[in-house]
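What you see below is based on every heavy atom in this structure, not just the backbone, and it leaves out hydrogens, waters and symmetry mates. Labels below follow one simple rule: chain letters A, B, ... track the order of the sequence lines, proteins then strands, and each chain is numbered from 1. All values derive from a computational prediction rather than experimental measurement.
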Protein chains: 2
Amino acid sequence: MKLPPLVQAFVLHFGEMGSRWGINRTVGQIYALLYVSPDPLNAEQIVEALGVSRSNVSMGLKELQAWNLAIPKHIPDDRRDHFTTPDDVWQILRTLAEERKKREVDPTLSVLRELLMQTPGNAEERHAQQRMAEMHGLIEQLTTWYDDVKRLETERLASLLALGARVTRLLEAKDKVVGLVRGRTPASARES
Amino acid sequence: MKLPPLVQAFVLHFGEMGSRWGINRTVGQIYALLYVSPDPLNAEQIVEALGVSRSNVSMGLKELQAWNLAIPKHIPDDRRDHFTTPDDVWQILRTLAEERKKREVDPTLSVLRELLMQTPGNAEERHAQQRMAEMHGLIEQLTTWYDDVKRLETERLASLLALGARVTRLLEAKDKVVGLVRGRTPASARES
DNA sequence: CCGATATTTCAGAAATTCCTGAAATGTCGG
DNA sequence: CCGACATTTCAGGAATTTCTGAAATATCGG
């Protein structure tokens, strides 16, 4: 691996973290490399930069594409595929959340739903089902919130984050002013 | 493994999902079993229920304790350690978020900080550092938000979620009424 | 259709992670 | 301190995942 020290450190770190994130080292490194590269890279360049096999890069790119974390950029007069990462980090965040939900949450939700349909055979099962219902309720609420938030464009999402928990304090005031808001700005009131 | 069908299905599912969550099958199964059990279980009971080795259970319990997802309950007149999961699912969510942040986010944040301190040697490194700065900014904002929200007690967190993205619409109204709110509720106005 | 180039597939080697049984260690009542 | 029981440690075998090189497939200009 021959890369500028700064880039190399970044790439190696992502390789290491990869395992904690459920992706393998090579995939993490490829992502990191594409992320900091000024221009799209082709597979051969990645091979040279990372010192891994061509086929490994091919598989890694395929996985990154499945995650929507690497996107092919066609370069004129060049048959080879070139790849970048989406450039808006907020978009990346959304993508990551979406994919992780799909892989890590949805299957559990569907299993829980199925198990909650069944009739418990005894007290032990009844208690288990009760606990499953609690978990199901939590996950449903989280995914509902997520579905709600994920459509926000970057700017609003950022300001929502910036507001953070202070929202709840604003909420305390909400009841006091909501009727007033409705009266003055019918358009925004309809949306709330 | 001899368990009521409902429990068994739940336990097996958590075992399968374990790998996607960065924990191993046994740990996932132990957690699931404790989660649905009406009473705390000791290691030997877990061995019987899951059909894995005693030492495996010992290691699994150790890991779950490190995650704060299994807590020892002392049972009078019994030398053996018994374990449960925290019972409030919202608390579990907080714990999970905290631990994942610690393992998956904090190390990256610290690497990024370090790399951003260094002086880039050329245009390529300068660009890389620029991208790292973007990522750093995003993560910082997320963790700030998280630190802000994590202290909320269950009830408020739930209502914050229930509100979801509708908050932003409320925000639009905020500017229009903020002076009014200030006049009526000085405390909440200071915070907005 | 051919030759040149690019990419993918895939069997098995390499690396890593998981799990077990045996031994070591810890803890308690007496 | 001893003996009974409970738990932890850990070396190495088992299982899984990752990676490679070779072969197969795809794509293009001519």
Remember a base hit wins even if backbone is also touched, and classify [X] as base, sugar-phosphate or nothing at under 4.0 Å, heavy atoms.
X	result
A:Arg80	sugar-phosphate
A:Thr26	sugar-phosphate
A:Asn42	nothing

Looking only at side-chain atoms of [X], point me to the closest of [options].
X	options	answer
B:Asn56	C:dC19, C:dT7, D:dC19	C:dC19
A:Arg79	C:dC19, C:dT7, D:dT27	D:dT27
A:Arg25	C:dC10, C:dT16, D:dT7	C:dT16

With a cut-off of less than 4.0 Å, is there a side-chain N or O of [X] near OP1 or OP2 of [N]?
X	N	answer
B:Lys62	D:dT9	yes
A:Arg54	C:dT7	yes
A:Ser55	D:dT20	no
B:Ser58	D:dT7	no

Whole angstroms only, please: what is the CD1-C1' distance between A:Ile30 and D:dC19?
12 Å
Cation-pi check, A:Arg103 to B:Trp21: give yes when NZ or CZ is under 6.0 Å from the six-membered ring centre and within 45° of the ring axis, no otherwise.
no
Give a yes-or-no answer on whether the side chains of A:Asn56 and A:Thr26 include a donor-acceptor pair shorter than 3.5 Å.
yes
Are side-chain N/O atoms of A:Thr154 and A:Asp88 paired as donor and acceptor at under 3.5 Å?
yes
Contact nearer the 5' end of DNA chain C, comparing A:His82 with B:Asn24
A:His82
Which residue lies toward the 5' end of DNA chain C, A:Ser19 or A:Asp78, if each is placed at its nearest nucleotide?
A:Asp78
Does A:Ser53 make a side-chain donor-acceptor contact with the base of D:dG21, cut-off 3.5 Å?
no
Do any pairs count as a salt bridge (charged side-chain N to carboxylate O under 4.0 Å, His left out) and have a residue in residues 125-142 of chain B, sequence neighbours left out, and if so which ones?
B:Arg113-B:Glu140, B:Arg131-B:Glu134
